[in-house]
Amino acid sequence: MSSKPAGAPLALEYHGRAAAVGHWRRGQELIDALAYIDPLTPDVKSAVDALIEEEMRRSAKRPADYLKDLPPVPAPKFEGHPALAAEYARVEKMEPMQQLDTTRYRLDPPPQAKRNDQAAWAAAAGNAHAQLEHQLNRVTNIELLVKYGANAWRAQGALDEALLKQLEAALAALRKQIDALNRDRKLQQSKAGAELRTLEDKYYSALRKNLEIDSACAAVAEEMARLEAQVAALGGGGGAQQQQANGAADAGQQQQQQQQQQQPAAEAMEQ
């Protein structure tokens with residue numbers, strides 16, 4: 001409540017700050033706008049945009065600095081996963097990814113210098129057997145795909161369609177909830193807006209009455225001061241005249257009361 005000069009009409013001021021003990025936004029500025037009924041004229045929007053731009057110009061924060069107010073990201077936990085830990089360390093150091101080893105996918109003979117090395121030929125033969133098993137596995141997969149692939153794709157398509165319908169139903173239900181929430185919010189705000197307008201009219205009506213009363217009191221005080229000045233200017237004689245006038249008025253009132261008391265008795269005697 002701000003200080004007001006003496007004699008000014010009472011007008012309440014709302015600061016809009018949460019001050020209750022235990023309030024989750026205690027000490028912060030509260031925004032109690034009603035979006036569905038509060039008008040937003042182009043002039044007001046331009047003024048708000050200008051305030052935001054001015055605040056951004058005066059602010060020392062850069063857009064990247066706003067993330068500093070957030071809590072730090074928790075450290076990753078790779079216990080029991082050395083491969084993930086090594087890959088995370090590589091990405092953190094910005095090192096390039098190691099190229100894939102394609103030698104196991106080629107059927108190369110031993111190099112010229114090891115053509116007489118039995119171990120080298122054994123490794124090449126083992127690689128050939130691995131490549132052969134790999135090709136046999138590919139052939140088996142192709143045969144299974146030819147035999148069951150079409151039905152598998154149809155089943156997967158049916159499953160995807162069922163999931164799509166389920167997600168669409170969930171989305172429709174969520175949109176329905178959002179529409180219901182917005183509808184209820186609009187109805188509540190419209191009802192609150194009508195009540196606020198009624199209270200606002202009552203407030204301004206009371207404020208106008210306070211102004212009228214304040215003006216009337218000032219006029220009465222001015223008239224009393226003028227009469228007191230006249231009485232003081234007349235002096236003692238004026239006081240005696242005032243007493244005589246008051247005595248005459250009292251005598252007239254007593255005579256009128258006596259006539260009122262005698263009138264019922266006279267009417268009864270006539271009857």
Side-chain angles (χ1 to χ4, degrees), residues 1-73 164-230:
M1 187 73 65
S2 61
S3 60
K4 291 184 176 298
L10 180 63
L12 299 179
E13 293 180 356
Y14 173 63
H15 293 280
R17 180 180 290 273
V21 177
H23 197 281
W24 69 283
R25 293 184 60 187
R26 185 179 183 185
Q28 299 183 14
E29 297 294 336
L30 300 182
I31 300 175
D32 56 353
L34 302 178
Y36 287 98
I37 64 173
D38 286 342
L40 182 61
T41 61
D43 297 337
V44 174
K45 187 176 184 304
S46 300
V48 171
D49 293 340
L51 290 175
I52 294 175
E53 292 177 359
E54 179 64 21
E55 179 68 20
M56 293 179 66
R57 282 196 298 269
R58 290 189 291 104
S59 178
K61 279 188 175 182
R62 297 174 301 175
D65 296 336
Y66 286 95
L67 298 178
K68 293 182 178 179
D69 298 335
L70 298 177
V73 179
L164 178 60
K165 291 181 180 179
Q166 183 179 359
L167 293 175
E168 287 178 348
L171 178 60
L174 183 59
R175 286 179 176 175
K176 186 176 181 180
Q177 292 178 2
I178 293 173
D179 293 339
L181 178 61
N182 291 333
R183 191 183 307 110
D184 293 342
R185 184 184 291 120
K186 185 175 182 179
L187 291 175
Q188 291 177 2
Q189 291 189 11
S190 299
K191 183 179 178 180
E195 185 176 357
L196 286 174
R197 283 189 290 269
T198 302
L199 295 175
E200 186 177 9
D201 293 339
K202 291 182 179 179
Y203 168 75
Y204 285 113
S205 177
L207 191 61
R208 283 192 296 269
K209 289 181 180 178
N210 287 340
L211 290 173
E212 292 173 359
I213 293 172
D214 189 48
S215 178
C217 290
V220 170
E222 184 179 354
E223 181 67 16
M224 289 179 60
R226 186 181 65 80
L227 293 175
E228 290 176 355
Q230 289 181 359

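Note that the structure is predicted; figures quoted are calculated from it, not measured.
Scanning all heavy atoms of the two residues, the minimum distance from Tyr36 to Gln189 falls at N-OE1, 2.9 Å.
Remark: Glu223 pairs with Arg226 by the salt bridge (Lys or Arg N to Asp or Glu O under 4.0 Å) rule, at least two apart or across chains. The side-chain hydrogen bond (donor to acceptor under 3.5 Å, both in side chains) search around Glu55 returns Arg58, not counting sequence neighbours. Scanning for side chain to side chain contact (heavy atoms under 4.5 Å, CB included) contacts around Ile52 gives Val48, Met56, with sequence neighbours left out. Residues meeting the side chain to side chain contact (heavy atoms under 4.5 Å, CB included) test with Lys209, sequence neighbours left out: Ser205. Here Arg183 pairs with nothing under the side-chain hydrogen bond (donor to acceptor under 3.5 Å, both in side chains) rule; sequence neighbours left out. Residues passing the side chain to side chain contact (heavy atoms under 4.5 Å, CB included) test with Ser46, sequence neighbours excluded: none. With sequence neighbours left out, Arg208 forms a side-chain hydrogen bond (donor to acceptor under 3.5 Å, both in side chains) with no residue at all. With sequence neighbours excluded, the residues satisfying side-chain hydrogen bond (donor to acceptor under 3.5 Å, both in side chains) with Lys45 are Asp49.
Atom-to-atom distance recorded for Ile37:CD1 and Gln188:CD is 11.5 Å, nearest 0.5 angstrom. Interatomic distance, Arg197 CZ to Leu199 CG, rounded to the nearest 0.5 Å: 11.0 Å. Distance check, rounded to the nearest 0.5 Å: CZ of Arg185 to CD1 of Ile178 gives 10.0 Å.
One N or O on the side chain of Thr198 and one on the backbone of Ala194 form a donor-acceptor pair closer than 3.5 Å.
Residue Glu54 places its CD atom among more than 12 non-hydrogen atoms of other residues, nucleotides or ligands, all under 6.0 Å distant.
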All N/O donor-acceptor pairs, side-chain side in residues 164-175, below 3.5 Å, sequence neighbours left out:
none

